[in-house]
Amino acid sequence: MNPVDRLVVALDVPDLGGARALATMLSGQVGVFKVGLEQFVAHGPAAVEAARAGGAAIFLDLKIHDIPRTAAAAVRSAGTLGVRFTTLHALGGREMVAAAREAAEACGADRPQLLAVTVLTSHDAASLAALGLASDDPETNALRLARLALEAGADGLVASALEAPRLRRELGDGFWLVTPGIRLPGEAHGDQARVATPAEAVRGGASHIVVGRPIVKAGDPRAAAERVVADLAAAGPGPGGA
Ligand code: C5P
């Protein structure tokens, strides 16, 4: 995989004009633009159109979690927007993931690829216990949910780069592994407690990395994206994904 194709930039800005300007400025340096809930709730499909100004694939981060029929309908709608990736919660269960996959398949060859979110990184052991998920530690919960989601039809996972080696060891190479929490050496972590560099993430098994603030908030976002791509290139070939 080409290093540029591995770079997902999160267009985490509130307004459409800002997202469109960023996407245009970063054109050619980014493989995928991620449209999050903030943009999509405010602007709907226009947010996807704004991101498309960058000429790259689109990742619509919907984090779907609903009854199987509704989840499937949401995936069908994402398919009509021509998005390359979307997300759903593994906690929605086997039937929901399977229904989502069936709906994705019906979208044709360029169908949305379904990425499962396992345990949100905002959870710790105590908040999982409060949800009744106390029998396992967070990592074991995440691995169990990842396996369930892949068996039910997810095309990949969203996970910390620090978990990537274990996920690859336990679950193999046949799925996308998309890792947020990426910082270049010496860069501010912000609210990300556990970070990896782009090259570390790919060496650990990531097929894609998600970068937000280090590029979006940079004085020169294009130069920042170029630095990330250079670090990705230093990682060598890495995994291809699904
Ligand atoms: O600005 P930063 O690089 O931290 O942005 C990372 C992006 O990845 C944000 O859009 C954030 O919502 C998303 N994300 C994350 N951690 C997760 C899942 C998604 O940071 N576990």
Side-chain angles (χ1 to χ4, degrees), residues 6-15 18-19 22-23 26 29-43 47-48 50-51 54 56-65 83-92 113-124 127-128 138-139 141-143 145-146 149 154 156-164 166-167 176-202 204-219 221 224-225 227-229 231-232:
R6 294 189 188 281
L7 175 57
V8 181
V9 170
L11 292 174
D12 292 336
V13 293
D15 63 306
L22 258 172
L26 293 171
Q29 277 302 316
V30 172
V32 184
F33 287 107
K34 182 168 91 71
V35 176
L37 283 174
E38 179 182 7
Q39 276 269 330
F40 198 66
V41 169
H43 308 294
V48 173
I58 306 294
F59 172 176
L60 182 57
D61 191 6
L62 290 175
K63 295 204 175 65
I64 296 165
H65 186 173
V83 309
R84 173 102 169 98
F85 296 101
T86 192
T87 43
L88 76 189
H89 276 280
L91 278 167
Q113 301 285 301
L114 302 176
L115 305 176
V117 175
T118 56
V119 177
L120 291 174
T121 44
S122 46
H123 281 305
D124 57 15
S127 68
L128 287 176
E139 290 73 27
N141 272 314
L143 183 62
L145 288 164
L157 303 169
V158 180
S160 157
L162 304 180
E163 291 165 11
R166 182 171 183 204
L167 291 168
W176 306 116
L177 186 47
V178 179
T179 62
I182 301 295
R183 295 295 181 265
L184 284 170
E187 216 162 42
H189 289 192
D191 56 2
Q192 298 281 19
R194 299 164 73 230
V195 300
T197 68
E200 283 166 355
V202 169
S207 61
H208 296 77
I209 60 164
V210 181
V211 184
R213 287 159 293 180
I215 291 177
V216 166
K217 303 276 185 227
R227 283 195 294 277
V228 172
V229 170
D231 198 67
L232 283 170

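Whatever order the structure lists ligands and atoms in, that order sets their numbers, starting from 1. Bear in mind the structure is a predicted one, so any value in this text is a computation, not a measurement.
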By chain and number, the residues contacting ligand 1 below 4.0 angstrom (heavy atoms only) are Ala10, Asp12, Lys34, Thr121, Pro180, Arg183, Gln192, Val210, Val211, Gly212, Arg213, Pro214
Quick one: CG on Leu143 to CD on Glu139, what's the gap to the nearest 0.5 Å?
-> 10.0 Å
Identify which one of Val83, Leu11, Thr87 satisfies the side-chain contact (heavy atoms from CB on, under 4.5 Å) criterion when paired with Phe59.
-> Thr87
Whether His65 and His89 hold their rings parallel, tilted or perpendicular, with breakpoints at 30° and 60° = tilted
Do the side chain of Glu187 and the main chain of Leu184 share a donor and acceptor less than 3.5 angstrom apart?
-> yes
State, yes or no, whether a side-chain contact exists between Pro180 and Val158 at a heavy-atom distance under 4.5 Å.
-> yes
When rounded to the nearest 0.5 Å, the distance separating CG of Asp12 from CZ of Arg213 is 8.0 Å
